[in-house]
Amino acid sequence: MTALKNDIFLRALLKQPIDRTPVWMMRQAGRYLPEYRQVREQAGSFLNLCTNPELACEVTLQPLRRFKFDAAILFSDILTIPDAMGLGLYFSEGEGPQFKKTIKTAADIHALPIPDPHSELKYVVDAVSLIRKSLEGSVPLIGFSGSPWTLATYMVEGGSSKSFQKVKGLMFEQPILMHALLDKLAQSVAAYLNAQIAAGAQAVMLFDTWGGMLSTEDYNEFSLYYAKQIKSLLNDGPNGEKIPSILFTKGGGLWLETMVDAGYDALGLDWQTDIHNARSRVGDKVALQGNMDPVTLYANPEVITEKVKIVLEKYGKGSGHVFNLGHGILPDINPDHVKAMVDAVHTYSPAYHQ
């Protein structure tokens with residue numbers, strides 16, 4: 001495949017010397033872009049868009065045509081694995097993701113297959129391959145999956161939740177059964193990410209969106225344990241190259257020291273975690289990704305620039321920082337404000353790498 005013209009993102013994840021801080025954005029392909037909305041309308045539904053490799057490739061590339069991002073991220077959804085397990089993913093307007101079937105019993109868990117990424121999830125693997133080819137070595141491609149705990153919350157609850165009563169009830173009342181579900185999901189996620197790596201993903205990210213809903217003890221047992229298991233199963237690239245990995249637990253700022261032990265190259269930070277404090281806690285063990293508040297992008301460009309400067313200053317000098325939002329961009333953000341953020345990172349970060 002074509003050699004990378006810009007590998008600054010990968011080098012930052014590995015804490016190698018760089019001349020400026022790389023920047024990309026969670027949900028950078030999304031509804032804030034009018035060209036995305038046009039393709040989404042053409043697809044007919046969000047799921048149709050996800051399952052069409054050509055359209056998924058197109059929307060992955062769209063933000064790179066507008067902004068000087070240092071990485072592309074596969075356009076997909078975190079719930080592809082439970083859908084491939086036969087739970088029937090669908091989206092209702094204003095309701096978010098939902099499943100036709102939910103997990104309630106031991107029989108439900110034992111009946112779940114471990115999806116073959118080259119058959120049930122072939123559309124994702126094909127999209128990765130097509131995106132990697134279409135990037136022509138301009139920037140690296142990030143593959144991703146939801147974490148076992150996060151996937152389990154949707155599978156048991158049937159959709160989003162405020163209290164997580166059902167999934168926590170299963171965890172508290174039948175922990176052995178919960179572990180059986182999480183173990184099956186960990187095997188599925190590892191196979192899925194390895195298929196993405198084989199198809200061309202040059203870094204991978206595990207999104208543990210709902211890990212922060214757990215207590216410290218439960219997080220370690222039911223979320224971080226399986227993130228660590230997945231990391232131990234990840235392959236190198238097709239030519240033996242190292243594939244950097246990122247673990248992002250929203251609400252996980254309390255647990256950075258133990259998250260380091262999971263073995264990932266970088267930890268994602270939400271905006272409620274002070275990045276200066278986080279760096280002092282993890283030292284040189286991992287890189288850090290983040291963590292400007294996504295709502296900052298509603299402000300005028302001058303404010304956005306100042307907020308970017310604060311994040312850069314708080315991280316400080318040296319490699320190991322990937323600039324990002326502390327969660328995904330919101331759908332009604334002005335694209336010009338994204339440009340202001342990216343331009344500010346390009347303008348002000350070189351001073352921290354001299």
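Below, all heavy atoms of this structure are taken into account, side chains as well, without hydrogens, waters or symmetry copies. Position 1 is the first residue of the sequence; numbering continues from there. It should be emphasised that the depicted structure is a prediction, and the values quoted were computed from it without experimental measurement.
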CG-CD1 distance between L288 and I275, expressed to the nearest 0.5 angstrom: 5.5 Å

Linked, directly or transitively: L181 and I114 (ILVMFWY side chains, under 4.5 Å): no

Straight-line distance of T249 OG1 to L269 CG, nearest 0.5 Å: 10.5 Å

Residue pair P63 / L33, side-chain heavy-atom distance below 4.5 Å: yes

Donor + acceptor pair across side chains of S45, N48 (<3.5 Å): yes

Whether H179 and F222 hold their rings parallel, tilted or perpendicular, with breakpoints at 30° and 60°: parallel

Which atom of R66 lies closest to which atom of P335, heavy atoms considered: NH1-CB, 3.6 Å

Presence of salt bridge, E58 and R65, under 4.0 angstrom: yes

Any donor-acceptor pair under 3.5 Å from N6 side chain to D70 backbone: no

Residue pairs, two or more places apart or on separate chains, that pass ring-ring contact (aromatic ring centres under 6.0 Å, His included) and touch residues 96-142: none

Verdict with supporting geometry, D270 and T273, side chain to side chain contact (heavy atoms under 4.5 Å, CB included): CA-CA 6 Å; D270 62 37; T273 303; 3.2 Å; yes

Flag if over 12 foreign heavy atoms under 6.0 Å of CZ, R31: no

OH (Y225) with more than 12 external heavy atoms under 6.0 Å: no

D332 atom CG, neighbour heavy-atom count above 12 within 6.0 Å: yes

Side chain proximity check, K242 to D265, heavy atoms < 4.5 angstrom: yes

Distance (rounded to the nearest 0.5 Å) between M155 CE and D83 CG: 10.5 Å

Any donor-acceptor pair under 3.5 Å from T60 side chain to F75 backbone: yes

Cluster link I310 to M341, ILVMFWY, side chain under 4.5 Å: no

Close side-chain approach of V167 and M178, heavy atoms under 4.5 Å: yes

Path from V125 to I73 over hydrophobic side-chain contacts below 4.5 Å: no

Set of salt bridge (Lys or Arg N to Asp or Glu O under 4.0 Å) partners for K317, sequence neighbours left out: none

Pairwise distance CG(L61) to OG(S134) - rounded to 0.5 angstrom: 5.5 Å

Please tabulate, one pair per line, all N/O donor-acceptor pairs under 3.5 Å involving side-chain atoms of residues 185-200, not counting sequence neighbours.
| residue | atom | partner | partner atom | Å |
| --- | --- | --- | --- | --- |
| Q187 | NE2 | D183 | OD2 | 2.9 |
| S188 | OG | K184 | O | 2.9 |
| Y192 | OH | T80 | OG1 | 3.0 |
| N194 | OD1 | N235 | N | 2.7 |
| N194 | ND2 | A190 | O | 3.2 |
| N194 | ND2 | L233 | O | 3.0 |
| Q196 | OE1 | F144 | N | 3.0 |
| Q196 | NE2 | F144 | O | 3.0 |

Non-hydrogen side-chain atoms of M171 and L214 separated by less than 4.5 Å: yes

Heavy-atom check, side chain of Y226 versus side chain of L151, under 4.5 Å: no

CD (Q16) with more than 12 external heavy atoms under 6.0 Å: yes

Whether K5 side chain and E136 backbone form a donor-acceptor pair below 3.5 Å: yes

Nearest-0.5 Å distance, CE of residue M26 to CZ of residue F207: 6.0 Å

Side-chain donor/acceptor of N300 to backbone N/O of E302, under 3.5 Å: yes

Any donor-acceptor N/O pair, S223 side chain to W149 backbone, under 3.5 Å: no

Heavy-atom check, side chain of L330 versus side chain of Y32, under 4.5 Å: no

Identified side chain to side chain contact (heavy atoms under 4.5 Å, CB included) counterpart of L297 within the set N334, L325, V303: L325

Pairs involving residues 227-263, ordered by first then second residue, that meet ring-ring contact (aromatic ring centres under 6.0 Å, His included) (sequence neighbours left out): Y219-W255

Heavy-atom closest pair, residues E54 and L130: CA-CD2, 3.8 Å

Worked verdict on I103 versus L112 for side chain to side chain contact (heavy atoms under 4.5 Å, CB included): CA-CA 9 Å; I103 299 302; L112 288 172; 3.9 Å; yes

Cluster overlap L121 with Y90, hydrophobic side-chain contacts below 4.5 Å: no

Side-chain (S138) to main-chain (L135) donor-acceptor, under 3.5 angstrom: yes

Within 6.0 Å of CD in E313, more than 12 heavy atoms from elsewhere: no

Under-4.0 Å salt bridge between D274 and K314: yes

Connected via hydrophobic side-chain network under 4.5 Å: I8 and I243: no

Pair F9-V139, side chain to side chain contact (heavy atoms under 4.5 Å, CB included): steps then yes or no: CA-CA 8 Å; F9 166 71; V139 294; over 6 Å; no

Q202 side chain to L141 backbone, donor-acceptor under 3.5 Å: yes

Minimum side-chain heavy-atom gap V308-F323 below 4.5 Å: yes

Minimum heavy-atom distance L74-A127, with the two atoms named: CD1-CB, 4.1 Å

Taking every non-hydrogen atom, the tightest pair across A227 and L206: CB-CD2, 3.8 Å

Salt bridge present between K104 and D108 (N-O < 4.0 angstrom): no

Qualifying side chain to side chain donor-acceptor pair (under 3.5 Å) pairs with a residue from residues 154-171, counting only residues at least two apart or across chains: Y154-W210

Steps toward side chain to side chain contact (heavy atoms under 4.5 Å, CB included) verdict (T258, T216): CA-CA 10 Å; T258 50; T216 297; over 6 Å; no

Exercise: identify the closest heavy-atom pair between S319 and R11: OG-O, 4.1 Å

Of all pairs that satisfy side chain to side chain donor-acceptor pair (under 3.5 Å), the ones with a partner from residues 339-349, not counting sequence neighbours: K339-D343

Gap separating the CD atom of Q98 from the CG atom of L87, nearest 0.5 angstrom: 13.5 Å

Close side-chain approach of P140 and L4, heavy atoms under 4.5 Å: yes

A299 versus I304, closest heavy-atom pair with distance: O-CD1, 3.3 Å

Donor-acceptor contact present, side-chain Y36 to main-chain Q28, <3.5 Å: no

Side-chain donor or acceptor of E120 paired with backbone N/O of D116 under 3.5 Å: yes

